[in-house]
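Just so you know, ligand 1 is whichever comes first in the structure, and atom 1 is the first atom listed for that ligand.
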Amino acid sequence: MTDERGFGTKLLHFGGEIDKTTGASSTPIYQASTFHHFSLDNPPQFDYSRSGNPTRQALENYINVLEGGARGFAFASGMAAISSAFFLLSSGDHVICTEDVYGGTYRLLTAILTRMNIETTFVDMTDPEKVKAALKPNTAAVFLETPSNPTLKITDIAVICSWAKENGLLTMLDNTFMTPYYQRPIELGVDIVLHSATKFLGGHSDVLAGLAVVASDTLGDRMKQIQNGLGNVLGPQDSWLLMRGMKTLKTRMEAHELNARRLAEWLSSHPAVERVYYPGLPGHPGREIHEKQSRGYGAVVSFDVGGGDRAKKLLGAVSIPLVAVSLGAVESILSYPAMMSHAAMPLEVRLERGITDGLVRYSVGLEDIDDILGDLDTALRQL
Ligand SMILES: *Cc1c(COP(=O)(O)O)cnc(C)c1O
């Protein structure tokens with residue numbers, strides 16, 4: 001029934017919007033670590049909060065409904081969700097990963113999973129031939145992130161997934177930038193969708209959380225074992241707060257994007273800006289593929305001001321955005337990948353991936369766009 005309803009309706013009627021026992025207008029925060037066995041012959045549905053908690057369960061069902069998968073999972077952070085997905089692999093496995101992946105995922109793959117004898121080849125996924133060329137006898141998984149971070153490159157999800165399926169590879173996709181409102185990777189063949197729910201899903205810079213949705217019950221059973229085994233679950237308070245934020249996802253994303261389009265166009269003709277990255281711009285090389293697989297362009301706009309000193313000056317001169325790591329909040333956030341999200345990446349690798357010293361990333365908030373542009377214009381004129 002719910003499947004035929006529109007996304008905006010699903011956001012508000014996902015199954016956990018009314019407490020079944022009291023009729024309360026939201027799932028209560030079940031702040032409990034354990035659950036009484038009223039009868040040993042009939043064990044309770046929930047028995048211990050690491051293994052299952054009703055508030056977390058409501059959230060897990062919620063994200064699963066939105067992504068159209070088989071089962072959802074909530075974790076303590078986006079990285080907890082991503083690292084749990086990699087625990088599906090075994091020692092000796094090989095991963096093919098998009099080259100301009102989120103900095104934390106890069107760190108996990110290159111500094112931690114290498115010690116577990118899991119090796120990764122990073123490739124430019126805008127070219128499917130490069131992905132195919134990276135295949136090894138021990139390749140087990142492909143990790144996609146599209147649009148990528150922070151240069152917003154586009155990978156053709158359906159093309160990579162059908163090739164991966166032919167080769168028996170597991171596919172994982174970081175859907176943080178698009179959210180299920182704009183992009184639903186399971187419909188395009190992805191096995192596991194991952195989110196830093198800290199960003200647009202939560203939307204208010206007040207909760208750290210990660211979500212995963214798997215496409216099959218078999219994968220669901222395996223992920224459940226990993227989540228319960230690692231114990232990196234999201235607590236009930238944060239689960240509730242995340243659901244609170246997610247209810248307005250559609251409205252926020254639409255308003256974010258209207259602002260982002262205006263900003264990207266405005267920056268494109270600004271004399272102090274060398275280059276603008278936004279999949280909605282006419283000159284973006286991945287625009288056609290992006291439009292095939294997504295319903296929107298999102299609200300992250302990256303641009304190059306032509307040098308490290310100029311970028312640092314800009315960060316000090318703006319007054320509207322938070323100057324910070326993170327994105328996807330109601331307030332605008334300006335970040336500096338070279339010294340923040342991608343500081344863990346060696347310099348030569350970073351430059352090779354287009355993350356220059358002059359590149360800044362603007363996560364466009366819900367402020368009045370004229371104020372955002374006015375503030376940036378004042379700052380850019382000082383460079
Ligand atoms: C922030 C982010 C992550 C990591 O999420 P945390 O909640 O900070 O652990 C992963 N992927 C992308 C694209 C992100 O922006």
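- Remark: ligand 1 atoms within the under-4.0 Å shell around heavy atoms of D174 are 10 (C), 11 (N), 12 (C), 13 (C).
- In this structure, H195 has no heavy atom closer than 4.0 Å to ligand 1.
- The main-chain N or O of A80 is found under 3.5 Å from a side-chain atom of S83 such that the two form a donor-acceptor pair.
- A 4.5 Å side-chain heavy-atom check between R56 and F73 finds every atom pair outside the cut-off.
- Ring to ring, F200 and H256 are close: their centroids are under 6.0 angstrom apart.
- Nearest protein neighbour of atom 9 (O) of ligand 1, counting heavy atoms only, is M79 N, 2.8 Å.
- Of all protein heavy atoms, the one closest to atom 6 (P) of ligand 1 is G78 N, 3.3 Å.
- Ligand 1 is never approached by T105 to a heavy-atom distance shorter than 4.0 Å.
- Scanning the protein for heavy atoms near atom 2 (C) of ligand 1, the closest one is K199 NZ, 2.5 Å.
- Within the cation-pi definition used here (under 6.0 Å to the ring centroid, within 45° of the axis), R295 does not qualify as a partner of F7.
- In terms of protein heavy-atom proximity, atom 5 (O) of ligand 1 is closest to S196 OG, 2.9 Å.
- M178 has its side chain out of reach of Q293: every pair of non-hydrogen atoms, C-beta onward, lies at least 4.5 Å apart.
- More than 12 heavy atoms of other residues, nucleotides or ligands sit less than 6.0 Å from atom CD of Q31.
- Scanning the protein for heavy atoms near atom 4 (C) of ligand 1, the closest one is Y102 CE2, 3.4 Å.
- Looking at atom 7 (O) of ligand 1, its nearest protein heavy atom turns out to be T198 OG1, 2.7 Å.
- Contact atoms of ligand 1 toward I82: 10 (C) (distance under 4.0 Å to a heavy atom of the residue).
- When atom types are taken as modelled, the side chain of N259 and the backbone of E367 share a donor-acceptor pair closer than 3.5 angstrom.
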